[in-house]
2 protein chains.
Amino acid sequence: MSGGGLRERKKARTRETILREAFRLFRERGYNATTVDQIAEAAEVSPATFFRYFPTKEDLVARDAFPPLIEALRAQPPGPPVAVLRGAFRTAFASLSAEEIAAGHAREVFATTVPELLAANLRRSPGVLREVTQILADRTGSDTDDPRIRNVVGAVFGVVAVVWLQWAQDPGMDGPAEVDMALAHLESGLSL
Amino acid sequence: MSGGGLRERKKARTRETILREAFRLFRERGYNATTVDQIAEAAEVSPATFFRYFPTKEDLVARDAFPPLIEALRAQPPGPPVAVLRGAFRTAFASLSAEEIAAGHAREVFATTVPELLAANLRRSPGVLREVTQILADRTGSDTDDPRIRNVVGAVFGVVAVVWLQWAQDPGMDGPAEVDMALAHLESGLSL
DNA sequence: TCCCTTATGAGAGTACACCCTCATATTTGT
DNA sequence: ACAAATATGAGGGTGTACTCTCATAAGGGA
């Protein structure tokens, strides 16, 4: 990871500096109130350079589509779809270090706090939803647009989203554990 | 409703003209590619006047938080939460005319297509979720932050959202009916 | 009819994301 | 050590949402 020439390392460091300073400023004065010029100045690069690293300001916060989930989903043993998805979430979280989860959470807090960022993230959600739906359909041998699969995916992600929202507001919460419990609840038919 | 002085009527007409022309332009050239100046010109008002009617461009598309749902929810007979929510959706849709549903759908298509608008709509979603959660908690006599209620709300809205997304892409679909079927499926434990 | 309130237009002005160009500095391969 | 490739800075430029001010016009009540 630390390999590559000096150029690569400098680029990576610049990139991290920009990210770090940007999030610091976001935290201090909010996303909208922070201008690109301010971020550039704090990171000691020119505004032009900022845009060479991040095409848009939103890209600072756009995260990748949680690839571990897809991978974990493929590796799940057979079972009812909700259980399979629950297992996938569990496996995916287990594959991350505590630091990774914490970092992801910090970013997530922004993403759920600032609507513009939420939208930037959501922009790629349909793709994830489709992919998950596709995998589940393949596994169960049903059609891709089987409404039942669609409903399962919707319900699961709805539950996860709601836990996520709550986690963003209550940092003391154990997010992954809470997700698992919530999915167990869904699995058992949302009983009271 | 058509009462009031001439002033009121003119204002209402101006407002509708702006909305109509704006959506026409959006349809023709897209949301981002349509400037406020163009909308103002098409509606034959000055740009300044545009902003007197709509504080921001996004407000053209921001819809109210589907008030019929809240109302219908309060009026539901007692029962398990998922069934109550399902009934609320059914009642809410029934209270709307076909035109209203179609208009809402058209607007929805924009809202799911253009990220900026998605953000504008999402901005009020947490409020709706909280309100629905609150009502359900009151009805069942449980605490507002009872995870079970939270999970139910998440699952229901997740399912509805997924149907909604599909509806936005397939205008031939009977949205309300599909929502009802999907919620019935959820109610029965997402069986395959 | 006269006055008061309010809506509008005109137009200049601001803020900020994002682009372009070109000169300079830094790194890499030879 | 040198040349080619590339990263950066400086700084000017653009588009567009949104604001402000002020003069004019239009509606409403007496």
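Nothing here was measured: the structure is a model prediction, and the numbers come from that model.
Between the side chain of Asp170(A) and the main chain of Gln166(A), no donor-acceptor pair closer than 3.5 Å is present.
Note on ring orientation: taking the six-membered ring where Trp is involved, the planes of Phe54(B) and Phe50(B) are tilted (angle from 30° to 60°).
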Requested in this report: Indicate for each nucleotide in nucleotides 18-24 of chain C, in 5' to 3' sequence, whether protein heavy atoms under 4.0 Å reach the base (B), only the sugar-phosphate (S), or nothing (-).
Outcome: B-B----
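At the heavy-atom level, Tyr53(A) lies under 4.0 Å from the strands shown only through sugar-phosphate atoms. Using a 4.0 Å heavy-atom distance criterion, Glu44(B) is classed as a sugar-phosphate-only contact.
Nearest nucleotide to the Lys10(B) side chain, out of dA26(D), dG9(D), dA7(D): dA26(D).
A straight line from CD of Glu8(A) to P of dT26(C) spans 18 Å, rounded to a whole angstrom. Between the CD1 atom of Ile39(A) and the C1' atom of dA17(C) there is a distance of 11 Å, given to the nearest Å. Rounded to an integer number of Å, the gap from CZ of Arg13(A) to P of dA7(D) is 15 Å. Protein atom CZ of Arg29(B) is 15 Å distant from nucleotide atom C1' of dT16(D), rounded to whole Å. One atom, CG of Asn32(A), and another, P of dA15(C), lie 16 Å apart when rounded to the nearest Å. In this structure, CD of Glu41(B) is placed 14 Å from C1' of dG9(C), rounded to the nearest angstrom. Leu60(B) places its CG atom 14 Å from the C1' atom of dC18(D), with the value rounded to the nearest Å.
Under a cut-off of 6.0 angstrom, the local environment of CD in Glu44(A) is sparse, with at most 12 non-hydrogen atoms contributed by other residues, nucleotides or ligands.
OP1 and OP2 of dT8(D) both lie 4.0 Å or more from every side-chain N or O belonging to Thr49(A).
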Query raised in the report: Does the side-chain hydrogen bond (donor to acceptor under 3.5 Å, both in side chains) test come out yes or no for Ser46(A) and Thr49(A), once each step is laid out?
Result: CA-CA 5 Å; Ser46(A) 77; Thr49(A) 298; 3.1 Å; yes
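With sequence neighbours excluded, the residues that form a side chain to side chain contact (heavy atoms under 4.5 Å, CB included) with Thr34(B) are Leu25(B), Phe26(B), Arg29(B), Gln38(B), Ile39(B).
Glu16(A) has its side chain out of reach of Glu21(A): every pair of non-hydrogen atoms, C-beta onward, lies at least 4.5 Å apart.
A single hydrophobic cluster is not seen to contain both Met181(B) and Leu190(B); linkage of ILVMFWY side chains at heavy-atom distances under 4.5 Å, directly or through other members, places them apart.
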